[in-house]
Engineer: 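Following this message is one structure expressed as structure tokens.
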There are 2 protein chains.
Amino acid sequence: MKAGTLEAGEPSHFPPPAGGINRGISIMDFIFRIVAGLATLASAIAMGTTNETLPFFTRFIQFRAQYNDLPTFTFFVVANSVVCAYLVLSLPLSIFHIVRRGAIGTRIFLIILDTAALALLTAGASAAAAIVYLAHKGNSSANWFAICQQYNSFCERISGSLIGSFVGIVVFVLLILLSAVAISRS
Amino acid sequence: MKAGTLEAGEPSHFPPPAGGINRGISIMDFIFRIVAGLATLASAIAMGTTNETLPFFTRFIQFRAQYNDLPTFTFFVVANSVVCAYLVLSLPLSIFHIVRRGAIGTRIFLIILDTAALALLTAGASAAAAIVYLAHKGNSSANWFAICQQYNSFCERISGSLIGSFVGIVVFVLLILLSAVAISRS
């Protein structure tokens, strides 16, 4: 804990009051980061390993659906992986906040990165959701057919893999809220 | 300004130092809100008024493309309108922050709402972007054809209307950053 005084890039005040609440907030922050990390990892893996080969084929084509047939799903996997990696990398800083309750500079740094990660994750999840909706329902005006009638298990898998991402989004909103409260108290 | 002491729901400290910077931050917050409000309003109007009727028709169908043929675009218009309305409603609170620089409770309240609005706006914009991409490029694996070959001006309009939303997203990230800095300083 001696090193703690060297690490903060900002002069921070050490307020004795409300330290216990801030420690509780920091511990919740740490747990939420692990939850969001696991959720986004699960989403990325579930989507990334999706493929289905239909049992019938013509002479030239074998019918096969993979996640990277649709660029949006590739973006979904990339966005979830990036956010998951960011969450793992932010864990040391989260532990540092449990030890040093008064650190403000690093908390603001994390709020900015959290906001960017939230935006990235939301973009990936909702773009994928738009395509999943199209795969289920199709669109008669644009003459896009519902591919879920053929690729059943593919569709179930891509729908399910959205869940982890949306859990991650909710957790990120809570993380930003917790950080704002912690900053106001320190 | 006498009413100011009655309005804050939270006991707030009045720190004489760094008040000037906080006032500057509050004024920038106000300007950013107007910019984001105009950007999302422009997006909603540009998308909401889009329709194109092709000059040829068969006996039974007239070829016509409207934004509400695709449910994702309806969501885009709704999301942009909601965020625009929220931004207008948040302006009085933003003015209150210019007057009362020490208010922490209302700033945290705004950070939470800003985060939710950011998530909503990102969801709408990226879902619409996924469909616009599909309209331009189509997808051969799923047998979805690029409708932009027929509906040229429709496609230009829906592509252009995304710009306002993405400007709004960037401004929201800046707004949350500014609020975090302002909270840490007060």
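Residue numbering restarts at 1 for every chain, and letters A, B, ... go by the order of the sequence lines. As a basis for the values below, the full set of heavy atoms in this structure was taken, side chains included, without hydrogen atoms, waters or symmetry mates.
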Engineer: Begin with the C-alpha distance, continue with both residues' side-chain angles, and end with the deciding distance and a verdict on side-chain contact (heavy atoms from CB on, under 4.5 Å) for B:N143 and A:W144.
Structural biologist: CA-CA 7 Å; B:N143 254 332; A:W144 292 334; over 6 Å; no

Engineer: Among the options B:A130, B:G138, B:A128, pick out the one with the most heavy-atom pairs lying under 4.5 Å from chain A.
Structural biologist: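 Among the listed options, the one with the most contacts to chain A is B:A130.
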
Engineer: Measure A:N139 against the heavy atoms of chain B and call it side chain, backbone, both or neither at under 4.5 Å.
Structural biologist: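 Contact with chain B is through the side chain of A:N139 alone.
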
Engineer: Could you tell me whether A:F109 atom CZ has more than 12 heavy atoms of other residues or ligands within 6.0 Å of it?
Structural biologist: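 No, because the 6.0 Å sphere around CZ of A:F109 holds 12 heavy atoms or fewer from other groups.
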
Engineer: Should A:L162 and A:I45 be regarded as members of a common hydrophobic cluster, given that ILVMFWY residues are connected when their side-chain heavy atoms come within less than 4.5 Å of each other, either directly or indirectly?
Structural biologist: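 Different clusters: A:L162 never reaches A:I45 through Ile, Leu, Val, Met, Phe, Trp or Tyr contacts under 4.5 Å.
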
Engineer: Do you know which of B:S126, B:A116, B:G124 has the most heavy-atom pairs with chain A at a distance under 4.5 angstrom?
Structural biologist: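 Winner by heavy-atom pair count: B:S126.
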
Engineer: Tell me whether B:L38 is reachable from B:I27 by hopping between hydrophobic residues (I, L, V, M, F, W, Y) whose side-chain heavy atoms are closer than 4.5 Å.
Structural biologist: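 They do share one cluster, since a chain of ILVMFWY contacts under 4.5 Å joins B:I27 to B:L38.
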
Engineer: Using non-hydrogen atoms only, which part of A:F75 is less than 4.5 Å away from chain B: side chain, backbone, both, or neither?
Structural biologist: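 Nothing of A:F75, per the 4.5 Å heavy-atom cut-off to chain B.
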
Engineer: Side chain from CB out, backbone as N, CA, C, O: work out which of these in A:L121 comes under 4.5 Å of a heavy atom of chain B, or both, or neither.
Structural biologist: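 A:L121 has no heavy atom closer than 4.5 Å to chain B.
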
Engineer: Going by the disulfide (SG to SG under 2.5 Å) test, which pairs reach into residues 91-134 of chain B, not counting sequence neighbours?
Structural biologist: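 Qualifying pairs: none.
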
Engineer: Within residues 168-180 of chain B, which positions have a heavy-atom distance to chain A below 4.5 Å?
Structural biologist: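 When heavy atoms of chain A are the reference, residues 168-180 of chain B contributes B:V173, B:I176, B:L177, B:A180 within the under-4.5 Å range.
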
Engineer: Which bit of A:I183 comes within less than 4.5 Å of chain B, counting heavy atoms only: side chain, backbone, both or neither?
Structural biologist: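 Both the backbone and the side chain of A:I183 come within 4.5 Å of chain B.
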
Engineer: When clusters are formed by joining ILVMFWY residues with side-chain heavy atoms under 4.5 Å apart, either directly or through shared neighbours, do B:I147 and B:F145 land in the same one?
Structural biologist: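 No; tracing contacts between hydrophobic side chains, which count when under 4.5 Å, never links both residues.
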
Engineer: Are A:I95 and A:V88 linked, directly or through other ILVMFWY residues, by side chains that come within less than 4.5 angstrom of each other?
Structural biologist: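 No, A:I95 does not connect to A:V88 through the hydrophobic network.
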
Engineer: Under a 4.5 Å heavy-atom cut-off, does chain B meet the side chain of A:A123, its backbone, both or neither?
Structural biologist: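 For A:A123, backbone and side chain are both near chain B.
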
Engineer: Can you get from A:I158 to A:V77 by hopping between Ile, Leu, Val, Met, Phe, Trp and Tyr side chains that sit under 4.5 Å apart?
Structural biologist: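 Looking at the clustering, A:V77 is in the same group as A:I158.
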
Engineer: Would you call A:Y133 and B:L70 a side-chain contact if the rule is heavy atoms closer than 4.5 Å?
Structural biologist: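 SC-SC contact between A:Y133 and B:L70 ruled out.
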
Engineer: Quick one: what part of A:L120 sits under 4.5 Å from any heavy atom of chain B, side chain, backbone, both or neither?
Structural biologist: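 Nothing of A:L120, per the 4.5 Å heavy-atom cut-off to chain B.
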
Engineer: Let me know if A:T72 has heavy atoms under 4.5 Å from chain B in its side chain, its backbone, both or neither.
Structural biologist: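 Just the side chain, heavy atoms under 4.5 Å.
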
